[in-house]
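Since we're looking at a predicted model, the values are computed, not measured.
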Amino acid sequence: MTFPLNKEKQRSLAQNNAMHLYFEQVAEAMQDAGYDIKQIIPNNIEIPVTHQFIKSVWQNIGKEMFLKNHTAEFTKEEVGQVELVFSRWLATFGITIPFPSYDNEDIQTDE
């Protein structure tokens, strides 16, 4: 018999969908505000802010906070904690986007 190492519930499919919707919304807002990756992470090449880049930032926050490399490893509580840190970081660029709620029609809640 095997026992799970982490007794906390893994993030839900709805949370996963909300995270990816949020990443897309943040990337679009940062692009619309004129930011590129060079302004966020100094670089000599202008690179647009993308969904994958935003996901990478999110993952890096989770890695630093919880030593987890993938969003699939986050518990439901950890998703909320990462979102708070991420939102504070995002606000430093003058951008605030509320994390999608389960009531949002764009998020599928099938689990």
Side-chain angles (χ1 to χ4, degrees):
M1 175 179 248
T2 61
F3 295 96
L5 296 175
N6 187 347
K7 293 182 182 180
E8 297 179 50
K9 288 189 173 190
Q10 182 180 9
R11 57 117 174 97
S12 68
L13 180 57
Q15 280 182 312
N16 182 63
N17 292 344
M19 286 188 313
H20 285 275
L21 176 61
Y22 187 61
F23 299 154
E24 188 64 35
Q25 291 171 340
V26 169
E28 287 178 17
M30 292 192 86
Q31 289 175 16
D32 291 346
Y35 289 106
D36 63 38
I37 291 176
K38 181 176 77 173
Q39 293 164 296
I40 299 167
I41 297 175
N43 194 328
N44 292 331
I45 302 171
E46 290 187 22
I47 304 169
V49 177
T50 64
H51 172 105
Q52 284 305 116
F53 173 76
I54 296 302
K55 181 178 179 178
S56 175
V57 172
W58 185 281
Q59 286 173 318
N60 283 324
I61 292 169
K63 183 176 182 177
E64 293 299 323
M65 290 178 71
F66 307 112
L67 302 177
K68 295 181 178 180
N69 293 317
H70 305 284
T71 61
E73 298 172 350
F74 295 171
T75 65
K76 290 180 177 188
E77 183 178 319
E78 289 167 347
V79 169
Q81 291 176 20
V82 170
E83 190 275 327
L84 289 174
V85 172
F86 182 88
S87 291
R88 285 194 304 259
W89 168 78
L90 186 60
T92 67
F93 296 96
I95 296 174
T96 56
I97 298 175
F99 193 77
S101 72
Y102 299 109
D103 297 331
N104 187 327
E105 293 177 5
D106 294 330
I107 300 173
Q108 296 185 11
T109 58
D110 298 338
E111 294 188 358

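For the atom pair CZ of F23 and CD1 of I97, the computed distance is 12.0 Å after rounding to the nearest 0.5 Å. Here the CD-OG1 distance, from Q15 to T71, works out to 10.5 Å after rounding to the nearest 0.5 Å. If you take CD on Q52 and CD on E24, they are separated by 9.5 Å, rounding to the nearest 0.5 Å.
For the residue pair P100 and A18, the shortest heavy atom distance occurs at CG-O, 3.6 Å. When all heavy atoms of S87 and Y22 are compared, the pair lying nearest together is OG-OH, 3.4 Å. Residues M65 and V85 approach most closely at SD-CG2, 3.8 Å, considering heavy atoms. Scanning all heavy atoms of the two residues, the minimum distance from V26 to I54 falls at CG1-CD1, 3.8 Å. Minimum heavy-atom separation, T50 to A27: C-CB, 3.6 Å. Considering every non-hydrogen atom in both Y35 and F93, the closest pair reads OH-O, 3.0 Å.
There is no path of hydrophobic side-chain contacts, each under 4.5 Å, that joins L84 to L90.
In this structure, W58 and F99 have parallel ring planes: the angle between them is below the 30° cut-off, well short of the 60° mark.
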**Message:** Evaluate Q81 against F66 for side chain to side chain contact (heavy atoms under 4.5 Å, CB included), listing each step before the verdict.
**Reply:** CA-CA 10 Å; Q81 291 176 20; F66 307 112; 3.0 Å; yes
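Each of E73, E78, Q59 was compared with K68 under the side-chain hydrogen bond (donor to acceptor under 3.5 Å, both in side chains) criterion, and only E78 meets it.
E83 is not listed as a side-chain neighbour of M19, based on a closest heavy-atom distance of 4.5 Å or more.
Between the side chain of Q31 and the backbone N or O of V49, at least one donor-acceptor pair lies under 3.5 Å.
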